[in-house]
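Reminder, nothing fancy here: chain letters follow the sequence lines and each chain counts from 1.
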Number of protein chains: 2
Amino acid sequence: MAEGRLQRELNRRNPFETPEQEAVLNLLRTGDLILNRFGRLFGEHNITDSQYNVLKILRDEGQPMPSLGIAGRMVQVVPAITGLIDRLEAKELVVRRRCVQDRRVVYVEITPLGTKLLAELDQPVLALHKQMVGKLSQPEVKQLSRLLEKAREVFSQ
Amino acid sequence: MAEGRLQRELNRRNPFETPEQEAVLNLLRTGDLILNRFGRLFGEHNITDSQYNVLKILRDEGQPMPSLGIAGRMVQVVPAITGLIDRLEAKELVVRRRCVQDRRVVYVEITPLGTKLLAELDQPVLALHKQMVGKLSQPEVKQLSRLLEKAREVFSQ
DNA sequence: GCGCGTCATTTTACATGTCAATTAATTGGC
DNA sequence: GCCAATTAATTGACATGTAAAATGACGCGC
């Protein structure tokens with residue numbers, strides 16, 4: 001598969017070999033930048049993205065949840081949850097309670113302090129979400145979601 | 001409007017608060033899943049995403065690069081590069097060479113073994129890129145790139 | 001009512017990412 | 001020339017992510 005000089009020069013100008021690669025790398029890079037920005041916001045409140053996600057899941061649920069229930073709603077693998085809960089507990093944003101009926105299960109519950117922190121973050125987070133796609137029109141935002149959901153179908157096969 | 005797919009996937013009980021939030025979370029989740037898949041591919045060859053990226057950058061450059069030069073092309077921060085190079089060097093995929101003119105600078109060079117590994121990965125990586133957006137038509141793939149690039153404009157202001 | 005498989009969680013080992021501080025070498029101002 | 005500021009790279013402390021194995025508790029089938 002010999003590459004001519006012209007093609008090499010074109011490749012040099014456009015680092016992407018295919019539109020698919022371009023889309024995937026665009027996606028990963030954009031995600032990195034967004035995560036970075038959220039990390040900065042959360043850092044100002046002394047928590048991390050993952051810790052925020054755990055708190056948010058607990059608030060959405062409205063009641064204590066087992067660790068696996070939390071893990072099921074996150075992308076991460078199960079063992080990572082333990083450390084996350086450890087650090088959240090150390091900051092008194094959640095508490096662990098052993099289930100009485102099934103002593104294998106550990107319920108995690110958000111504390112008033114955790115709820116308060118979340119409430120403080122609600123507006124800034126919503127604003128940042130809007131800002132991250134602020135260059136897109138409303139139809140474009142929905143189109144982006146649609147394309148991402150469609151792309152993700154390969155994972156559910 | 002019916003419940004979004006992401007919402008169902010995450011088994012949430014409350015809908016997203018805004019389309020912007022939905023798009024951003026869709027983006028982050030899709031990126032995570034894709035990274036995961038690439039991680040598995042690279043893992044089969046005993047390297048990681050980041051290590052692959054370093055090797056790719058070195059091959060693209062075509063000549064030894066200083067650490068800062070490598071860092072400049074990655075999203076990561078400088079200190080992370082040191083460990084990356086350490087592990088790549090341990091696997092004999094790159095070598096370090098101290099610059100003679102400026103002894104602060106360390107040049108990193110890809111070895112024949114590193115080049116060979118990259119060559120083995122070229123086809124699988126390209127195939128995986130295609131597969132990751134395999135549910136999208138060609139125009140949709142380009143549309144996705146366009147939307148992501150447009151969204152990213154907020155970062156360059 | 002016992003044993004074995006399953007389940008929820010944790011532990012361990014390792015790679016990575018961040019920030020802040022350090023080391024080593026160079027450069028610029030005087 | 002000399003000292004201070006700058007630069008390249010590294011180190012250390014911490015949070016996170018992955019995989020694989022260990023722990024402890026349940027529960028079904030006989």
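You can see that DNA chain D meets the heavy atoms of chain B within a 4.0 Å-exclusive cut from D:dT7 to D:dT18, reading 5' to 3'.
Residue A:Met132 holds its CE atom at 9.0 Å from CG of A:Leu33, rounded to the nearest 0.5 Å.
Residue pairs satisfying the ring-ring contact (aromatic ring centres under 6.0 Å, His included) criterion with at least one member in residues 51-99 of chain B, sequence neighbours excluded, are listed as follows: B:Phe42-B:Tyr52.
Side-chain contact between B:Val78 and B:Ser67: absent, with no pair of heavy atoms (C-beta onward) separated by less than 4.5 Å.
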| note | Counting primed atoms, P, OP1 and OP2 as sugar-phosphate and everything else as base, the B/S/- map of nucleotides 2-14 of chain C against protein heavy atoms under 4.0 Å is -----BSBBB---

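Scanning for side-chain hydrogen bond (donor to acceptor under 3.5 Å, both in side chains) contacts around A:Asn53 gives an empty result, with sequence neighbours left out. Qualifying side-chain contact (heavy atoms from CB on, under 4.5 Å) partners for B:Val77, counting only residues two or more places apart in sequence or in other chains: B:Pro79. The side-chain hydrogen bond (donor to acceptor under 3.5 Å, both in side chains) test applied to A:Gln123 returns no partner, not counting sequence neighbours. In this structure, A:Glu44 has no side-chain hydrogen bond (donor to acceptor under 3.5 Å, both in side chains) partners at least two apart in sequence or on a different chain. Remark: A:Glu89 pairs with A:Arg96 by the salt bridge (charged side-chain N to carboxylate O under 4.0 Å, His left out) rule, at least two apart or across chains. Not a single salt bridge (charged side-chain N to carboxylate O under 4.0 Å, His left out) links A:Glu92 to another residue, sequence neighbours left out. Under the rule for a side-chain hydrogen bond (donor to acceptor under 3.5 Å, both in side chains), the partners of B:Arg146 that lie at least two apart in sequence or sit in another chain are A:Glu140, B:Gln143.
If one axis is set at each end of the helix from C:dG1-D:dC30 to C:dC30-D:dG1 from five pairs, those axes are 0° apart, to 10°.
With B:Glu20 as the partner, the side-chain hydrogen bond (donor to acceptor under 3.5 Å, both in side chains) test is satisfied by one option alone out of A:Lys142, A:Gln138, A:His129: A:Gln138.
If you check residues 31-54 of chain A against DNA chain C, you find no residue with a heavy atom closer than 4.0 Å.
Within a 6.0 Å sphere centred on NZ of A:Lys91, other residues, nucleotides and ligands contribute more than 12 heavy atoms.
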